[in-house]
Amino acid sequence: MIVVSGIQPTGKPHLGNYLGAIKNYVKLQDEAVANNGKCLIFLADLHAISMPHNPAELHAATLEMVATLVACGLDPSKTVLFNQAQVPAHAELQWLLMGTARMGWLNRMTQWKDKAGKNREGQSAALFSYPVLQAADVLLYQATHVPVGDDQKQHLELARDIAQKFNNDFASEEDPVFTLPDPFIPETAARIMSLRDGSKKMSKSDPSDMSRISLTDDADTMAQKVKKAKTDPEPLPSEVAGLAERPEALNLVSIYAALAETTAEQVLADHGGAGFGQFKPALAELMVSVLSPIRDRFVELKDDREQLDAILARGAAQAREQGTPTLDAAYKALGLVRG
Ligand code: TYM
């Protein structure tokens, strides 16, 4: 069992990141330890430069993200926690895979289409080839489990396609260079939506801060955002089928279920018939009880620059060692001469 995943250190991590991905990093970290496996979680700082960015902000956000992940329960003695920029093998393997990835595959990526919009010509080449770096991230470590939210599923399918084609073209079935990774996506929280618009996912880049719960929000801010969340005038149904045409209601019920570690069915069995005037305060209370301890730990850690730098340096050294055999095998398979 080799668990690998990444998160971009852009903006503040939010409830969607937590429920869709970070919670599973922590769960799989413990499973990996119990099964003699490995868990590697990294900050995708190389991905972050594919969009216009401010270098000082990226630096600060990278350290804040380490503090957040540790506050959420990642334990640097169990998980190799690092940033891509300190492990050059990610960028090297990306280049080695660029000969295998097809333009047509990259052109079909919905995230590329969404981010580029109508201005494809004006985007960085990094934004277009971003999924190849993501493939390198997981293939470098022979990942088996990749905990992600639903929005990364297509990128993981691409990583499998690249691995498969590379193995076919440059290796043999008996002795493949890469393992095909499987995405590990939560059932209830695969796609947490914006609190302002149930058709858009909760995102770090949404201009409205009211659209998301940041993991660093204080209790009052969280309660306020839940209170102001868009809803409809109907009370909650008692069955999940009753949420079919009600995206905002479905989102709040899903958030409740994921925070309480139960199912949407169970939430509706308990709260069916309640109006939002009743349900929202219950949701806010639950949210604060789950997220406040995380925030408290984050506040304790965030200014301990020395500790955060040390975590990243140690993680990077371990990751460099861990990735070497696969990087060497990829160079060799391609016939590249290296001293
Ligand atoms: P990023 O930084 O956008 O998001 C980090 C993780 O959070 C999940 N996520 C969500 N889950 C549920 N609901 C939401 N609203 C929501 N928003 C974000 C994402 O699915 C992701 O798991 N390209 C990646 C980073 C990356 C990566 C990788 C991930 C780089 N290399 C290799 C896995 C494996 C990204 O931008 O995630």
Side-chain angles (χ1 to χ4, degrees), residues 5-18 21-22 25 40-72 74 76 79-92 94-95 111-112 114-117 119 122-134 136-137 151-152 201-218 221 225 291 294-320:
S5 198
I7 183 163
Q8 286 196 69
T10 44
K12 292 192 189 316
H14 54 69
L15 186 65
N17 298 132
Y18 178 67
I22 301 173
Y25 302 168
L40 300 103
I41 302 293
F42 59 87
L43 311 176
D45 48 3
L46 294 180
H47 279 104
I49 63 165
S50 61
M51 294 291 273
H53 80 287
N54 172 316
E57 280 171 19
L58 176 60
H59 194 134
T62 302
L63 294 175
E64 278 202 3
M65 189 65 88
V66 184
T68 309
L69 293 177
V70 173
C72 287
L74 275 187
T79 287
V80 178
L81 182 54
F82 65 103
N83 60 315
Q84 284 167 324
Q86 295 201 61
V87 186
H90 287 246
E92 276 181 83
Q94 177 191 17
W95 185 254
Q111 190 169 304
W112 155 249
D114 290 348
K115 287 200 175 167
N119 182 21
Q123 300 305 323
S124 70
L127 188 66
F128 186 67
S129 53
Y130 174 120
V132 187
L133 177 58
Q134 185 156 344
D137 294 337
D151 62 339
Q152 296 302 319
K201 71 172 186 189
M202 186 177 284
S203 147
K204 298 185 204 111
S205 55
D206 193 313
S208 165
D209 194 48
M210 294 303 281
S211 69
R212 64 185 159 259
I213 304 284
S214 295
L215 297 184
T216 50
D217 282 343
D218 61 29
T221 309
K225 287 180 177 176
L291 299 184
I294 293 177
R295 181 174 186 274
D296 293 346
R297 282 194 294 273
F298 167 78
V299 170
E300 257 173 56
L301 275 168
K302 75 176 174 45
D303 296 319
D304 191 345
R305 180 67 198 269
E306 216 171 295
Q307 195 190 342
L308 300 176
D309 282 341
I311 290 173
L312 289 181
R314 194 160 75 102
Q318 292 170 332
R320 285 196 289 267

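Taking 4.5 Å as the limit, some side-chain heavy atom of Leu291 sits within range of a side-chain heavy atom of Leu15. Annotation: side chain of Tyr25 is not in contact with side chain of Thr79 (no heavy-atom distance under 4.5 Å). The side-chain heavy atoms of Glu64 and Pro9, taken from C-beta on, include no pair separated by under 4.5 Å. Between Arg297 and Val70 the shortest side-chain heavy-atom distance does not fall below 4.5 Å.
Remark: side-chain polar atoms of Ser124 are paired, donor with acceptor, to backbone N or O of Leu127 under 3.5 angstrom. Side-chain atoms of Ser208 come within 3.5 Å of backbone atoms of Met210 as a donor-acceptor pair (strictly under, hydrogens ignored). Between the side chain of Lys12 and the backbone N or O of Leu215 there is no donor-acceptor pair closer than 3.5 Å. The closest donor-acceptor contact from the side chain of Asn17 to the backbone of His14 lies under 3.5 Å. Side chain of Asp45 to main chain of Ala85: a donor-acceptor pair is present (N/O by atom type, distance under 3.5 Å, no hydrogens or angles). When atom types are taken as modelled, the side chain of Gln318 and the backbone of Leu40 share no donor-acceptor pair closer than 3.5 angstrom.
Considering CZ of Phe298 and CE of Met65, their distance stands at 9.5 Å, rounded to 0.5 Å. To the nearest 0.5 Å, atom OG of residue Ser211 and atom NZ of residue Lys201 are 12.0 Å apart. Separating the NZ atom in Lys204 from the CD atom in Gln8 is a distance of 5.5 Å, to the nearest 0.5 Å. The line from CG of Leu69 to CG of Leu81 is 6.0 Å long, rounded to the nearest 0.5 Å. A distance of 9.0 Å separates NE2 of His59 from CG of Asn83, quoted to the nearest 0.5 Å. Taken from OG in Ser129 to CH2 in Trp112, the straight-line distance is 9.0 Å, to the nearest 0.5 Å.
By the 30° and 60° cut-offs, the orientation of the rings of Phe82 relative to Phe42 is tilted.
The shortest heavy-atom contact between Val80 and Ala319 is CG1-N, 3.9 Å. Of all heavy-atom pairs spanning His90 and Asp137, the tightest one is ND1-OD1, 2.7 Å. Taking all atoms of both residues into account, the shortest heavy-atom contact from Ala67 to Lys302 is CB-CA, 4.0 Å. Residue Leu46 comes nearest to Gln84 through the heavy atom pair N-OE1, 2.8 Å, listed as atom of the first residue, atom of the second, then distance. Of all the heavy atoms in Gln86 and Ala316, the pair that sits closest is CB-CB, 3.6 Å.
Between the side chains of Ser203 and Ser205, at least one donor N or O lies within less than 3.5 Å of an accepting N or O. Checked by atom type, the side-chain pair Asp151/Gln111 shows no donor-acceptor distance below 3.5 Å.
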Could you walk me through whether Leu43 and Leu312 satisfy the side-chain contact (heavy atoms from CB on, under 4.5 Å) test, starting with their C-alpha distance in whole Å, then the side-chain angles of each, then the deciding distance to 0.1 Å, before giving a yes or no? CA-CA 10 Å; Leu43 311 176; Leu312 289 181; 4.2 Å; yes
Under the salt bridge (Lys or Arg N to Asp or Glu O under 4.0 Å) criterion, do Arg212 and Asp217 qualify, and how do the steps go? CA-CA 10 Å; Arg212 64 185 159 259; Asp217 282 343; over 6 Å; no
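Residue Ile311 is tested with Asp304, Leu301, Val66, Leu74 for a side chain to side chain contact (heavy atoms under 4.5 Å, CB included); the sole match is Val66.
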Throw together a table of side-chain donor-acceptor distances under 3.5 angstrom for residues 48-58, partners on residues two or more places apart or in other chains.
residue, atom, partner, partner atom, Å
Ser50, OG, His47, O, 2.7
Asn54, OD1, Ala56, N, 2.9
Asn54, OD1, Glu57, N, 3.1

